[in-house]
2 protein chains.
Amino acid sequence: MRQKKKSELLTEVELEFMNELWALGEGTVRDVLNQLPEDRNLAYTSAATILRILEQKEFVTSRKEGKRHVFVPALAKDAYQTRSLKDLSVKLFDDTPASLVARLVDDDSLTEEALGQIRALVDRRLKNDTG
Amino acid sequence: MRQKKKSELLTEVELEFMNELWALGEGTVRDVLNQLPEDRNLAYTSAATILRILEQKEFVTSRKEGKRHVFVPALAKDAYQTRSLKDLSVKLFDDTPASLVARLVDDDSLTEEALGQIRALVDRRLKNDTG
DNA sequence: GAGTATCTACGAAAAGTATAGTATTTCAAG
DNA sequence: CTTGAAATACTATACTTTTCGTAGATACTC
């Protein structure tokens, strides 16, 4: 019994587009294209193709509004973040989140402030579970 | 003045191979091939090609030993972990490590134990900095 | 030193991803 | 209506990544 299995991760360009859609909430091809940085010169039809692919892969849905399509994320950014972290963790950290964080907090470029925030997050989660 | 820019991230298969090399310390084409899971049926020449590419991209170096090449990681796993985390953080977490950790600790599948380890790591880092 | 196992070097097919072109449809304005 | 701007659908091209085959080199065995 073979599954499709294609791990459900976004390609580079797909992620670029999903990020804009997540920021916008929803949008047309034109909306997304306008949202891209100045120096990103992408043909309108390329953008349309990417959104069509995202719809095929069921990362977005669309409804028709007049003559155009309005695209809406079908997967929340949160959920995709979790999925990506899981993937990275499996591939590079032996599926051990703690070692991922270990690497993160070892990074010298991490600010004191960020560290404090991180601890607060962990503490809060621990309290909620046990309390 | 155009730079090479190709962000220095490993492709899927390249990462698969680097993981084996990191685990082995070093190895020949045959060594790496043997290290791969049973069901990963890859031709010997494919493995050789991948290692050649990794050498071109300077992720590994090699020395000749008899008629064969012994490949050695040129980049430590730690360093690549840091690089990957940075990349993920930029692409999906607004370059804010704290929000990455937030998502991580929100994951229900995370064990109490892992959470405790994570806090210990953060605490230790904070103490070292301030103390 | 001929035979065979195994290796490397190179090239290129096969598969996947990114970008864009052409043809057609849609809708709104004259 | 008819026309034209802008959208979609479909196809095609270019580039990247993954996989493998062929040819020739290297060394071990008898």
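Among the heavy atoms of the strands, none lies under 4.0 Å from A:I53. Among the heavy atoms of the strands lying under 4.0 Å from B:E12 are primed sugar atoms or P, OP1, OP2 only; no base atom is included. Within 4.0 Å of B:R52, counting heavy atoms only, lies at least one base atom of the nucleic acid. Among the heavy atoms of the strands lying under 4.0 Å from B:A43 are primed sugar atoms or P, OP1, OP2 only; no base atom is included.
Take the nearest nucleotide of DNA chain D for B:K57 and for A:T45: the residue whose nucleotide is more 5' is A:T45.
Taking atom CG of B:L10 as the reference point, atom P of D:dT17 lies 11 Å away to the nearest angstrom. The CD atom of B:Q56 sits 13 Å away from the C1' atom of C:dG11 (whole-angstrom rounding). Remark: C1' of D:dA6 and CD of A:E65 are 16 Å apart, rounded to the nearest angstrom. Whole-Å rounding puts the A:H69 NE2 to D:dC10 P distance at 11 Å. One can place CG of B:L54 at 13 Å from P of D:dT19, the figure rounded to the nearest angstrom. Atoms CE (B:M18) and C1' (D:dT18) sit 18 Å apart, rounded to a whole Å. B:R68 has its CZ atom 24 Å from the P atom of D:dG24, to the nearest Å. Taking atom CG on A:L51 and atom C1' on C:dT19, their separation rounds to 14 Å, with Å as the unit.
For C:dA14, the paired base is D:dT17 (Watson-Crick or G-U wobble, both distances below 3.5 Å). Summarising the base pairing, C:dA5 is matched to no nucleotide, lacking a Watson-Crick or G-U wobble pair whose two defining distances lie under 3.5 Å.
One finds no side-chain N or O of A:Y44 lying less than 4.0 angstrom from the OP1 or OP2 phosphate oxygen of C:dT19. Residue A:R30 places at least one side-chain N or O closer than 4.0 Å to OP1 or OP2 of D:dA7. For the pair B:R40 and D:dT18, the criterion of a side-chain N or O lying under 4.0 Å from OP1 or OP2 is not met. For C:dT17, neither phosphate oxygen OP1 nor OP2 lies less than 4.0 angstrom from any side-chain nitrogen or oxygen of A:T11.
Within a 6.0 Å radius of NZ in B:K86, no more than 12 heavy atoms belonging to other residues, nucleotides or ligands are found. Atom CD of A:E113 has 12 or fewer neighbouring heavy atoms from other residues, nucleotides or ligands inside a 6.0 Å radius.
The glycosidic torsion of C:dA5 lies within 90° of 0, which places this base in the syn conformation.
The backbone N or O of B:L92 lies less than 3.5 Å from a partner atom in the side chain of A:Q81, making a donor-acceptor pair. When atom types are taken as modelled, the side chain of A:D123 and the backbone of A:A120 share no donor-acceptor pair closer than 3.5 angstrom. The backbone N or O of B:A102 lies less than 3.5 Å from no partner atom in the side chain of B:S99, so there is not a single donor-acceptor pair.
Distance from the side chain of A:L42 is smallest to C:dT19 among C:dT19, C:dC7, D:dC20. The side chain of A:V29 sits closest to D:dT8 out of C:dT19, D:dC20, D:dT8. In this structure, of D:dT19, C:dA20, C:dT8, it is D:dT19 that holds the atom nearest to the side chain of B:I50. Nearest to the side-chain atoms of B:T49 among the listed nucleotides C:dT8, C:dG11, D:dT8 stands C:dG11.
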*Which nucleotides of nucleotides 24-30 of chain C have their base under 4.0 Å from a protein heavy atom (B), which only their sugar-phosphate (S), and which neither (-), written as one string 5' to 3'?*
--BS---
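In this model, no donor atom of one side chain and acceptor atom of the other lie less than 3.5 Å apart for B:S84 and B:D87. For the 3.5 Å distance criterion, the side chains of A:D107 and A:S109 qualify, holding a donor opposite an acceptor.
The line from CG of A:L10 to CG of A:L54 is 6.5 Å long, rounded to the nearest 0.5 Å.
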*asked:* Could you go through A:K57 and A:E8, starting from their C-alpha distance and side-chain angles, then the distance that decides it, and tell me whether this counts as salt bridge (charged side-chain N to carboxylate O under 4.0 Å, His left out)?
replied: CA-CA 8 Å; A:K57 295 191 178 176; A:E8 302 298 1; over 6 Å; no
